[in-house]
Number of protein chains: 2
Amino acid sequence: MNYTPATADQLLAIHANADIAGLAASERFAAAEPDMVEAIVEGIGQFASGEWAPLNRSGDEAGAILDNGTVRSPEGFAEAYRHYVEQGWNAIAGPTAFGGQGLPFTLACNVLENLGTANMAFSLLPMLSVGATEALEHHGSEAQKAKYLPKLVSGEWSGTMNLTEPQAGSDLGALRATATPIEEGEHAGKYRIAGQKIFITWGEHELAENIIHLVLARLPDAPEGSRGISLFLVPKYHVADDGTLGARNDLRCVSLEHKLGIHASPTCVMSYGDEGGCIGELVGAENRGLMAMFTMMNNARINVGSQGVQMGERATQAAVAYARDRVQSARAGSGDKTPVAIIEHPDVRRMLMRMKALTEGMRALLYHTAGQVDRGTLGDEAAQRRAEILVPLIKAWGTDAGVEVASLGIQVHGGMGFIEETGAAQLYRDARIAPIYEGTNGIQAADLVTRKLGLENGAVFAGLMDDIARDAGGEDGLVQLATTCRAIGEWMRDEASLDDRLAGSVPFCTMSAVAVAGWQLMRQLRTIDDGDFAGLADAKKATVRFFLDRIVPEAAGLRASATAGAESLYVLDSAQFAR
Amino acid sequence: MNYTPATADQLLAIHANADIAGLAASERFAAAEPDMVEAIVEGIGQFASGEWAPLNRSGDEAGAILDNGTVRSPEGFAEAYRHYVEQGWNAIAGPTAFGGQGLPFTLACNVLENLGTANMAFSLLPMLSVGATEALEHHGSEAQKAKYLPKLVSGEWSGTMNLTEPQAGSDLGALRATATPIEEGEHAGKYRIAGQKIFITWGEHELAENIIHLVLARLPDAPEGSRGISLFLVPKYHVADDGTLGARNDLRCVSLEHKLGIHASPTCVMSYGDEGGCIGELVGAENRGLMAMFTMMNNARINVGSQGVQMGERATQAAVAYARDRVQSARAGSGDKTPVAIIEHPDVRRMLMRMKALTEGMRALLYHTAGQVDRGTLGDEAAQRRAEILVPLIKAWGTDAGVEVASLGIQVHGGMGFIEETGAAQLYRDARIAPIYEGTNGIQAADLVTRKLGLENGAVFAGLMDDIARDAGGEDGLVQLATTCRAIGEWMRDEASLDDRLAGSVPFCTMSAVAVAGWQLMRQLRTIDDGDFAGLADAKKATVRFFLDRIVPEAAGLRASATAGAESLYVLDSAQFAR
């Protein structure tokens, strides 16, 4: 399955939707000048497609294997990870004080987009590490930063996030892992950690020299619920003050999940302190662990939304290649009875155009979101609040659309799509996790209709939709969708009950995301006559047309679902759902 | 993963949508009186859930294995198939002259619905056998029927359909397998078959005593393309005139596909005549093989549409059970902070109601279609033509909705849904084949907008939509959807180019299917106050409300996609789709 990095479309999105030139005008991001941006986007595309993509199918087949407490990665992963670290890709957006390049999040996003398109399961390793790095950067003490950040930023060490427990999935307030202060001895001032965590991505492996686990746990006498959770740093190997690695900490991977997809990524059940000797350090203030986790969650959610783009891009490329190659049947209605490549058949074209339009629409939304995050870092509070609206949109709609595109990719392949060797099936399996993790899409939509709609009494959301309506002049369908979203947002905020809002939250989230994506695609069109992108112009015009003419009206068709309210959902009692 | 047969809802659909009472009023189907119908629906439900369902997950894990030319089925399959045959389930709709019960197709449909809900991969064995039986029944000679039908009807022998070759997928005209007349000797009057066929479901196995392969091949000097294809009966073991089994025929399974789902079902590459000694008999007239195949395809397509119902039912039951059991988070906005079962959260309810509404809507459409087929068998030509319209609707929309419901089933399970042990993932994998086989959904939609829309100059389709609009009084959304479909159908038939029609065919097919399903759900509501079904009334009212209020408006949102035409699909040339 060939794969060509979508370098030109990524650069277009980075320019038109993230406005990288605007970012580079700041002192902080001055290094993000055009040559640097181009070098990064081209470089990571070549690296990912050259070194990580060839391991995608073999990694799926081999999977990660737990062998007496050690996780063995598929062949080739260790070397490919080492090259990734050596070439400095992990350090793109890391803090300069600790060896990072301090470039915009937008470019770190691009690194992950490329890695994930090449090999989604593998890309989770750096994705999770970046999350841990950010949490430490924002909440760690100076000593912790000095000790742990340099190797996390370089990628020599990896990081994990340990939230979930069997009884506490989306409801983190229910978690039970404990942390007991150590009063004396070698570890005085630290904590004894005990508990089991599940769904820990890349929780154990041998690709990095050390693994820094960030673990949510409760101090003795902590308040119940989410206000009693603290964050702890728990290294796989203890680290001496001079940075050298010491003894193994008392933590281990006790089993791996047998999953539908992302087989190369070990999803670990982690056990901390089975022998009473698991030592961790507090990160940030006591009982403020959840807030520290939320810091990194925003960016992680954007990167998961990016997985929709990734699976969409890979699936589209595979389907296009197959459809151009596979000769089957003459064109319907043609006098010429010679069989043609199936890409010439109208419904195959419809599927391919839909895959392309959804993928490029997701990408436009992704980089617009990343750009707003970077503006927020520069102190632009309006951009930061807008980013807060955009995060659930790219996470939820991006990942749903990613699954849809992967499924269409199978369909274009016909019977061959159902055969694992073709590779389309793996994308369909891998893509399916993204609507679930980092907060299910239902939770994203709930976040949108509760906290995010309420920002500045609704002005942030309304302002976004107003911008779209103003900017999309001439495109009546898009203007109407934005206006409808604005009105539903107002109804939700001012009139609807909380249940009514939640009942319509997912369709409303989809509608809003499509509106923003359509708008950002239009912004790409306005940029495209620029010499750098002129080569994309014809294809982009066709893609945007398809998006506006078909995907936007479909989203408008969700209006009834968004506003139907909750009452009809509660007519049945729970038992009546069963046969 | 528990599973309870949907007996009551099936009986409701068989009464309200297939009008079984009307069928039983005929002489031919007089045996289908209420007690018999109930005994069948209850009996097969118990058999399937009791004996086949427990083999679903283990069958997926073990898969079918090719071992030196022999296919080994997962443990328990042989015994479970023997019980199925012994209890007479295979013979429900078979011709009475050959040991069948001669009951309506509607009831055979119900047998397969139950078997497939229990174990989709396993159910393909009888499903394909029924197709072979029908082809022989309609096109075989009296001698062939007498020799082969009794054991096919009972299920002691199974049947296959051999259409596809590597270079000839959907385009059967391109196939190359050959049949050479044998002039003299023991097999004089028969044919020597040679060629390779792919994607042969249950093409080799040990569960039945013999396998009757129906093989499409070309006679010497046959015309090119689809007018030069003949149908041959090729037994795994030769059958003497007295019915005893003779030597092995020269045919074998050379490999099995490694598939995304339906692992227990061997998908065979079959090789005929490697040693020059594969003997077959002509079925029907020379060069008329395709027509014989089409005879059985209609019913096979309905049974594949039923797989949407099957996966939908199983996924819904699993998700409901999980959501009632899994306690997580308090109700949003409630003063009571006690965690509740997740079925109490609005968005989980929305997903479950959607799964239920889609599944029951598919089932209503399924049995309405089956009932029209049975009316056609009784000589009602209007019903037969209506069935022709309905077949692509249930096949295409049913299987697409089946995939959607299976995917929602994963989502309701959250992280657990991605773990194979839970069983939700298998449904998502298994369901994905249904939009592909028996004619991809694109081919179904093409059939709808070309041949089917043209029936009686469009009057058959328009009449269906008129019936819906007339009958759905008060439900403005449904009336409007039917009216829109009618208008699009007219535009397609009278004004649109063939390309424009094909470009909008899939969304148009979805819209039409949703209109019919919504209508048939309303018909269920009108039947339900009948004492037999009163227990379903509350749940059904809620489900129908959900379908009409949310799914119908979404389908209406496809209007733009159905009418956008082909021009925008051909702006790009094939090369411009690639990166």
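Proteins come first, then strands; the chains are lettered A, B, ... in the order of their sequence lines, and each starts at number 1.
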Counting only non-hydrogen atoms closer than 4.5 Å, does [X] touch chain B with its backbone (N, CA, C, O), its side chain (CB onward), both, or neither?
| X | result |
| --- | --- |
| Phe577(A) | both |
| Val552(A) | neither |
| Gln317(A) | side chain |
| Lys356(A) | side chain |
| Glu313(A) | side chain |
| Ala174(A) | neither |

Chain B interface, residue from [options] that has the most non-hydrogen pairs under 4.5 Å:
| options | result |
| --- | --- |
| Ser329(A), Pro507(A), Ala555(A), Pro553(A) | Ser329(A) |
| Glu554(A), Lys337(A), Gln576(A), Glu404(A) | Glu554(A) |
| Ser407(A), Ala542(A), Ala556(A), Gly333(A) | Ser407(A) |

Under 4.5 Å from a heavy atom of chain A, the part of [X] involved:
| X | result |
| --- | --- |
| Asp500(B) | neither |
| Phe418(B) | both |
| Ala341(B) | neither |
| Arg326(B) | side chain |
| Tyr437(B) | neither |
| Arg501(B) | neither |
| Met416(B) | both |
| His345(B) | backbone |
| Leu498(B) | side chain |

Between Tyr570(B) (side chain) and Arg349(A) (backbone), is there a donor-acceptor pair under 3.5 Å?
-> no

Is Thr7(B) close to Arg579(A) at the side-chain level, that is, under 4.5 Å between some pair of heavy atoms?
-> no

Are any non-hydrogen side-chain atoms of Met353(A) and Ser568(B) less than 4.5 angstrom apart?
-> no

Taking the six-membered ring for Trp, are Tyr428(B) and Tyr428(A) ring centroids under 6.0 Å apart?
-> yes

With the threshold set at 4.0 Å, does a side-chain nitrogen-carboxylate oxygen contact exist between Glu420(B) and Arg432(A)?
-> no

Residue among Thr440(B), Asp400(B), Val403(B), Val506(B) satisfying side-chain contact (heavy atoms from CB on, under 4.5 Å) with Gln411(A) = Thr440(B)

